[in-house]
Amino acid sequence: MKLEIITDPNPILREPAEPVVDFDMSLQQLIDNMVETMREGNGVGLAAPQVGISKQIIVCELDNNIQGESIKKESPYQPFPLTAICNPKITEYSKEKCKMVEGCLSFPGYELVVKRPKTITIEGQDRYGEKIVINADKLYARVMQHEFDHLNSTLLIDHLEEIDTVLFAGGDFALKTLEYLNTDKQYNLKAVVTTSQYATIRGKTDDVNNVKKLARKFGLKVIEAKTLNDKQIKNKIKNLKASLGVVVDFSLIIPKQIIDFFEHGIINIHPSILPKYRGSSPIQATILNGDKYAGVSIILINEQMDAGPIIAQYKVKLNGKENYPILKQYLSELGASLLLDTIPYYLTGEIKPRKQKESRVSYCNTIKKKDGEIFFDTDPVAIDRKVRAYKPWPGVYIQLDGMRVTICSAHIDKEKNLIIDKVKPAGKNEMSYQDFVNGYKTELTFSKKTDSIKTN
Ligand code: CO
C-alpha cells in the first residue's frame, strides 16, 4: 500500500524517531509499504517519519530498471541494492567530503548542493532484527546519511549553504532571472551590476532600467556602470567576494579580470540553441529564419562573445505565429528556470560544461532601423516573419508615394498569401487594413514569388 508522504513544513518531520523494538508482522507491512511509496515517488530513499511514523526505519534503493531510463542515460550514479535498516547508527565517516545535489520527497521540487562525507559505515538491524553492518560510498553513502538525518529531525534545508552570487543584467530579458535568484534561498544575491539606461519620454528624461527598479524593490545592492574597464568598478565587484556570476541581457563586455573574481566563473543565458545565433538578436533571428525550434542555452562565459562551453540547453517547438515580445517573455522564463535548475549540478560537477562545435557556429546581426523597410517585391512569407520579429522595434514599413506605412500586424494564409491586419500610416493612429484601403483608396499587395525563400 502506498503511504502519504509528509511534506515540509510539518512538526512530525522535526520529531526524533523512536527505536524499533518489535520486529513483528506490522513492521514487515510498514517496510513493504515504505518501499512501495519510495518507488512510486521515484525516490531513492525514505525514512519512516516522512510517512508520519516516528520510528527509526530507513529504506533506500537505486535500481535503474525501476527508476527509469532518464537516470540510466544521464547519470553517473552507481546503482545500489534495496536496503532496509532499523535503529541505524553511523559508526564511521570518511574525512573526505564531496558535494552533490540532493532532493527530498518531503521537499518536492527542491534541489540543494549538500556537502557530506564520501564514505560511511552504518550499523543497525535488518527487518528481522539481525545485526547488519554496511560500508557504503558515493550515492549509497549519501542517501543513507540523508535518511539517517530524518530520524534525527535534521532536514535537507538544514544543509543549505548559500551561494554568493552577483547578477550582471540590463534588459528586461533578465527580470525573471533576477526574480528567481532573489526568491531561491540557495542564492545570496550580493549585488546587481547594471548599465545606466535613460530615455526621453514626453520631454522628460526617464530611467527605463527595469532591472535596476526591481533590484531596488528587492532591497538589493545595485552597482551602475558605464564600462567594466574601470578600476573602481572592478574593485567594487571584487570586494563582494562572490563565488558565482550570472550574466543575462547585459550590453557590456565583461573583462577576463572580472570573470576571474568568481571561483565558479560567470554563467550566461543565451536565447538560442548555441552555437547557432551567437550575437545580439538571436530571438529575432529565430523568427526571421522561420525556424521550427527556439531554445535557450546556459553557458559559461569566456572572452569571446557567446562562445563559452555549454552547461545545459533546452529546445521548444514553435507554431510559426510567435512574435518577438511573446517569444522573448517565454524564453526568459524558460531560461531562468533552466539556469536555476542547472547551477547546483554545475557546482557539484555532476554536469560538465562541453565545448561548442566551432564548425556549426552561426551569427546574428545587430538590428538597424533600416532593416524594417520592405518593398512591393518582398516575399510575403518574409514580410510576415519580419512583422513578428521586428515588433515593437524597428517595426516593418513601406514607402507609399512618399508616405511611410507601418504594418503593425499581419499573417500568412494557407495559400501563403500575406493578409495584413493592422497598419499605421505616418502621423495617424493604428487602423484596420480595411479602413486604410477605404480611406486611402489603395491596396498593399505583395506578390508571391516562385523562387521563394526557404521555409525550413
Ligand atoms: Co528526505
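One-based numbering, in listed order, for ligands and for the atoms of each.
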Under 3.5 Å side-chain donor-acceptor pair for Arg278 and Gln304 =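 Looking only at side-chain atoms, Gln304 and Arg278 do not form any donor-acceptor pair under 3.5 Å.
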request  = Report yes or no: do Asp24 and Ser26 form a side-chain donor-acceptor pair below 3.5 Å?
outcome  =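 Yes, side-chain donor-acceptor contact under 3.5 Å.
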ask   = So how many protein N, O or S atoms does the Co ion (ligand 1) have within less than 2.8 Å?
value =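 Count of protein N, O, S atoms less than 2.8 Å from the Co ion (ligand 1): 3.
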Quick one: list whatever passes ring-ring contact (aromatic ring centres under 6.0 Å, His included) with [X], sequence neighbours left out.
| X | value |
| --- | --- |
| Phe80 | Tyr140 |
| His270 | none |
| Tyr330 | none |

key: Reference residue Glu102; test side-chain hydrogen bond (donor to acceptor under 3.5 Å, both in side chains); the match among Gln145, His146, His159   = His146
